[in-house]
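Contents: one structure, followed by commentary.
Quantities reported herein were computed from a predicted structural model and do not represent experimental measurements. Values below: every heavy atom of this structure, side chains too, minus hydrogens, waters and symmetry copies. First listed ligand is number 1; within each ligand, the first listed atom is number 1.
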Amino acid sequence: MIVLKVDKLTKSYGKKHVLKDFSFEINEGDLIGLVGPNGAGKSTLMRAILSLEEVDGGEVTVKGISNKNSDFFKHVTFLPSDNYLYTQLSGYDHLAFVANIYKLGKYNIEEVIDLIGIRSYVNDSVKSYSYGMRQHLLIALSILTKPKLILMDEPFNGLDPTSIIELKQLIRTLHNQKISIVVSTHSLDILEDLTSTIWFIKEGELTRNLNMNESDSIYEIEVEDSINLSLESLMEDSHLSFTIIENRIFTSEEESIENYLAYLLENNVKINSVNRSKKKLEELYKSFYGV
Ligand SMILES: Nc1ncnc2c1ncn2[C@@H]1O[C@H](COP(=O)(O)OP(=O)(O)OP(=O)(O)O)[C@@H](O)[C@H]1O
């Protein structure tokens, strides 16, 4: 079931095209890792989805409701990278404030407190919270309206290993509840552990057809770069899963590597080399961004 639909979202700052005609859908229960170096446009994409950023064109809807409509924000919530809590108030005060805006009952607050596990400190003033405790409260706030989708902008920044483990667990709990989540982070290890769906953002483009399975290695098949047909359209006809970067095909379908090779040879594509690597996301990142 489609949760979020983005159609031709475009944003430039001066001459810099940060989002070039982004069109995509997010389905129920998707857990997507958004990757890109500093300045690639991850925050801009999230902010544009939430209409916190004025865009040059495009439409964003959740269940058919536009992001220009305030009801949108019941269904799509945001975990920003900056901490915007009021230190004088308690965690409970924050939850009650949001519950009041959306006319939710005490029951909803209690449910969220238990789900996120913040009962032992929810009545304390936020100024006494550690960074991890604040992050938990922000997540509790972000799920109060039972959203369909949560956008998390670098939620692991500044967390110690314990808090990282807890946050990963929390994200898995939300994912099990069929909430769709987009997480941007610079930590490839965390992402690799969390999800097999990774989106790369680079120079205004979004690469989404990368879906890594559970296998712990990845194949890179380099083919001659002068094939007649575009490699992308040739591979699309193959019904195999793949990611293409220039003249290289990446796949984590380990058992069926022969199928890829046979398909390419059948189509008279010359294979330059086949490599297998272990740290697949890091390898992909290095190839994609030319590190
Ligand atoms: N208000 C602004 N005015 C001008 N340029 C901006 C503005 N906000 C962002 N940019 C530019 O847009 C590009 C994308 O920025 P964005 O913050 O979305 O990147 P990011 O991928 O989230 O980066 P980071 O990983 O460093 O957080 C960058 O080149 C940035 O300099």
With the threshold set at 4.0 Å, does a side-chain nitrogen-carboxylate oxygen contact exist between Glu111 and Lys146? yes
Mind checking whether Pro37 has a heavy atom under 4.0 Å from ligand 1? yes
Which residue and atom name correspond to the protein heavy atom nearest atom 9 (C) of ligand 1, and how close is it? Tyr13 CE1, 3.3 Å
Would Tyr219 and Phe250 count as a close aromatic pair, with their ring centres under 6.0 Å? no
Hey, are Lys5 and Glu25 close enough for a salt bridge, meaning a charged N less than 4.0 Å from a carboxylate O? yes
Quiz question for you: does at least one protein heavy atom lie closer than 4.0 Å to atom 6 (C) of ligand 1? yes
Is there side-chain contact between Val3 and Val62, with at least one heavy-atom pair below 4.5 Å? yes
For Gly41, is the nearest heavy atom under 4.0 Å from an atom of ligand 1? yes
Among the heavy atoms of Glu154, does any lie under 4.0 Å from an atom of ligand 1? yes
Between Leu194 and Ile171, is any pair of side-chain heavy atoms under 4.5 Å apart? yes
Of all the atoms in ligand 1, which lie at a distance below 4.0 Å from a heavy atom belonging to Ala40? 19 (O), 20 (P), 21 (O)
Is Arg47 touching ligand 1 with its side chain, its backbone, both, or neither, if touching means heavy atoms under 4.0 Å apart? neither
Would you call Ile118 and Leu95 a side-chain contact if the rule is heavy atoms closer than 4.5 Å? yes
Hey, are Lys20 and Asp56 close enough for a salt bridge, meaning a charged N less than 4.0 Å from a carboxylate O? no
Closer than 4.0 Å: a protein non-hydrogen atom to atom 31 (O) of ligand 1: no
Give the atoms of ligand 1, by number and element, whose distance to some non-hydrogen atom of His186 is under 4.0 Å. 25 (O)
Any atoms of ligand 1 less than 4.0 Å from a non-hydrogen atom of Thr44? List them with their elements. 14 (C), 15 (O), 16 (P), 18 (O)
Regarding atom 22 (O) of ligand 1: of the candidates Gly39, Gly204, Ser43, which has the closest heavy atom? Ser43
For ligand 1, the portion of Val18 having any non-hydrogen atom under 4.0 Å away: side chain
Give a yes or no on whether a salt bridge exists between Lys42 and Asp153, defined as a side-chain N under 4.0 angstrom from a carboxylate O. no
